[in-house]
Amino acid sequence: MYSKKIIGQFLILACAALVSIAHAQKLPNVMILATGGTIAGTGASSTTTVGYTAAKIGVDALIDAVPELKKVANVKGEQVFQIASENMNNDYWLKLSKRVNTLLAQSDVDGIVITHGTDTIEETAYFLDLTVHSKKPVVIVGAMRPSTAISADGPINLYNAVLLAGSQEAIGKGVLVTLNDQINAAREVTKTNTSTLDTFKTPELGFLGYIQGSKPFFYRQSTRKHTVDSEFDISKMDSLPQVDIVYGYANMNPIALNAFVAAGAKGIIHAGVGDGSLNNTVVPSLTEARKKGVVIVRASRVGQGIVARNGEADDDKLDFVVSDTLNAQKARILLMLALTKTTDTKEIQKIFYQY
């Protein structure tokens with residue numbers, strides 16, 4: 001016979017286990033998809049914050065480094081790929097988007113966090129914003145300091161991302177980017193500084209909100225079409241149309257533009273000066289490219305503001321498209337996807353005003 005003391009201890013342990021199970025069942029289920037980047041980087045010493053090696057730490061180590069995650073979500077990890085984000089390409093985007101859509105279709109996944117290098121985080125976020133068809137939260141997170149650095153920002157950023165991805169507040173907000181306790185929309189966020197922790201901003205339109213005291217606070221949301229409202233379906237795609245970017249500058253020439261067209265570009269984003277202005281030296285080449293069927297989109301290298309249609313060029317006569325407020329790198333993504341639907345410039349211009 002067991003003593004009353006042993007039976008009592010057993011009952012206490014059993015009750016504690018039941019409470020733990022009940023708590024875990026109440027927590028959201030968040031999947032962390034790791035792709036590499038600085039958040040998974042290592043440096044030569046604890047003071048190395050530049051010149052480190054990105055994409056060295058695996059997803060399990062990232063999760064283990066933040067035990068507090070277990071308090072806010074039931075977390076699982078998956079290593080999708082392991083790269084420095086300057087090496088991001090269309091193939092990785094297609095693979096990642098398909099995996100996200102598959103996971104979000106599962107009833108046991110409430111949200112997804114993607115760890116990512118900061119160099120192209122805004123582009124990946126926007127691609128997913130246009131190709132993920134779910135209201136469930138998708139949050140992309142990175143770090144500006146490697147995991148080995150003093151005051152590495154990766155752990156708190158990851159904690160905030162998991163918290164956000166499992167929150168009710170983030171549902172239906174589109175793909176989000178969170179670093180430095182701030183929440184940004186995928187369409188509008190951009191990297192503004194090479195190395196500081198507050199590099200990600202939406203300079204004119206502003207943050208969506210903040211994370212404070214382990215809770216997200218939203219103050220606005222993007223009004224443009226995204227996620228469940230998006231018409232772009234990449235589920236059966238193995239490639240995307242070639243779209244390249246030509247940068248405007250004083251004394252520019254058409255060499256790069258002509259090379260892109262000769263290499264088979266289906267679209268060209270011209271990141272012009274000011275309001276997307278065109279240097280006289282490239283107008284003939286742009287006009288000729290359009291005659292060959294290449295879709296031309298006028299964007300601006302400024303990075304903020306609306307590119308006015310028929311403002312600095314006669315877009316109606318030239319049959320060009322304007323990027324609205326999208327910067328050149330995001331205009332490239334939208335044009336690639338638009339070209340999977342149509343080559344009609346009037347329809348593509350509508351798409352640029354909708355997304």
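Numbers for residues simply follow the sequence, beginning at 1.
Using modelled atom types, no side-chain atom of Lys266 and backbone atom of Pro241 make a donor-acceptor pair closer than 3.5 Å. Using a distance-only test at 3.5 Å, with no hydrogens or angles considered, no donor-acceptor pair links the side chain of Ser300 to the main chain of Asp275. Listed for the Gln79 side chain is a donor-acceptor partner under 3.5 Å among the backbone atoms of Val59. Using a distance-only test at 3.5 Å, with no hydrogens or angles considered, a donor-acceptor pair links the side chain of Lys136 to the main chain of Val109. A donor-acceptor contact shorter than 3.5 Å links the side chain of Thr131 to the backbone of Phe127. Using modelled atom types, no side-chain atom of Asn29 and backbone atom of Asp110 make a donor-acceptor pair closer than 3.5 Å. The backbone N or O of Thr120 sits nowhere less than 3.5 Å from a side-chain atom of Glu86 that would complete a donor-acceptor pair. Remark: side-chain polar atoms of Ser85 are paired, donor with acceptor, to backbone N or O of Asp119 under 3.5 angstrom.
Between Thr202 and Arg220 there is a side-chain heavy-atom pair separated by less than 4.5 Å. Side-chain contact between Met336 and Asn90: present, with at least one pair of heavy atoms (C-beta onward) separated by less than 4.5 Å. In this structure the side chain of Thr345 reaches within 4.5 angstrom of the side chain of Arg290, judged on heavy atoms. Side-chain contact between Val307 and Phe352: absent, with no pair of heavy atoms (C-beta onward) separated by less than 4.5 Å. Residues Leu286 and Val246 form no side-chain contact, since every pair of their non-hydrogen atoms from C-beta on lies 4.5 Å or further apart. Taking 4.5 Å as the limit, some side-chain heavy atom of Thr190 sits within range of a side-chain heavy atom of Pro203.
One finds a salt bridge joining Asp316 and Arg309 here, because a Lys/Arg side-chain nitrogen approaches an Asp/Glu carboxylate oxygen to under 4.0 Å. Comment: Asp129 does not engage Lys330 in a salt bridge, judged by the lack of any side-chain N to carboxylate O separation of less than 4.0 angstrom. Residues Glu78 and Arg99 are paired through a salt bridge, judged by an N-O separation under 4.0 Å between the basic side chain and the carboxylate. Comment: Lys76 does not engage Asp108 in a salt bridge, judged by the lack of any side-chain N to carboxylate O separation of less than 4.0 angstrom. At a threshold of 4.0 Å, the pair Asp198-Lys201 counts as salt-bridged, since one of the basic side-chain nitrogens sits closer than that to a carboxylate oxygen. Of the charged side-chain nitrogens involved, at least one lies within less than 4.0 Å of a carboxylate oxygen, so that Glu169 and Lys215 count as a salt-bridged pair.
Geometric assessment of Lys95 against the ring of Phe81 yields a negative cation-pi assignment under the 6.0 Å and 45° thresholds.
Minimum heavy-atom separation, Tyr52 to Thr38: OH-OG1, 2.7 Å. Residues His133 and Val228 share a closest heavy-atom pair of C-CG1, 3.9 Å. Arg301 approaches Gly248 most closely through the heavy-atom pair NH1-O, 3.1 Å. Ala165 and Val30 make their closest contact through CB-CG1, 4.1 Å (heavy atoms, listed as atom of the first residue, atom of the second, distance). Between Asp229 and Lys225, the shortest heavy-atom contact is O-CE, 3.3 Å. In terms of heavy atoms, Pro146 sits closest to Gly41 at CB-O, 3.6 Å.
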Test side chain to side chain donor-acceptor pair (under 3.5 Å) on Ser45 and Thr48 and set out the steps. CA-CA 5 Å; Ser45 72; Thr48 300; 3.1 Å; yes
Determine whether Leu197 and Leu179 satisfy the following criterion, side chain to side chain contact (heavy atoms under 4.5 Å, CB included), listing intermediate values before the conclusion. CA-CA 8 Å; Leu197 301 187; Leu179 289 89; over 6 Å; no
Given side chain to side chain contact (heavy atoms under 4.5 Å, CB included), test Phe207 with Thr178 step by step and report yes or no. CA-CA 10 Å; Phe207 302 122; Thr178 183; over 6 Å; no
Would you sort out whether Glu122 and Asn327 count as a side chain to side chain donor-acceptor pair (under 3.5 Å), showing the intermediate values? CA-CA 11 Å; Glu122 65 190 85; Asn327 61 25; 3.2 Å; yes
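Residue Lys56 qualifies as open at atom NZ: its count of foreign heavy atoms under 6.0 Å is 12 or below. Other residues, nucleotides and ligands contribute over 12 non-hydrogen atoms within 6.0 Å of the NZ atom of Lys191. Under a cut-off of 6.0 angstrom, the local environment of CG in Asn89 is crowded, with over 12 non-hydrogen atoms contributed by other residues, nucleotides or ligands.
For Asn180 and Asp153, the side-chain atoms include no donor-acceptor pair closer than 3.5 Å. For the residue pair Gln242 and Asp244, a side-chain donor N or O sits within less than 3.5 Å of a side-chain acceptor on the partner.
Leu337 contributes atom CG, which lies 11.5 Å from atom CD1 of Ile348 (distance to the nearest 0.5 angstrom).
Here the rule is side chain to side chain contact (heavy atoms under 4.5 Å, CB included) with Pro216, and of Leu164, Leu176, Leu208, Val139 only Leu164 fits it. Only one option out of Glu188, Arg187, Gln304 pairs with Thr325 in a side-chain hydrogen bond (donor to acceptor under 3.5 Å, both in side chains); it is Arg187. Each of Leu326, Ile269, Leu240 was checked for a side chain to side chain contact (heavy atoms under 4.5 Å, CB included) with Leu335, and the lone residue meeting it is Ile269.
Aromatic ring orientation, Tyr355 versus Phe232: tilted (interplanar angle from 30° to 60°).
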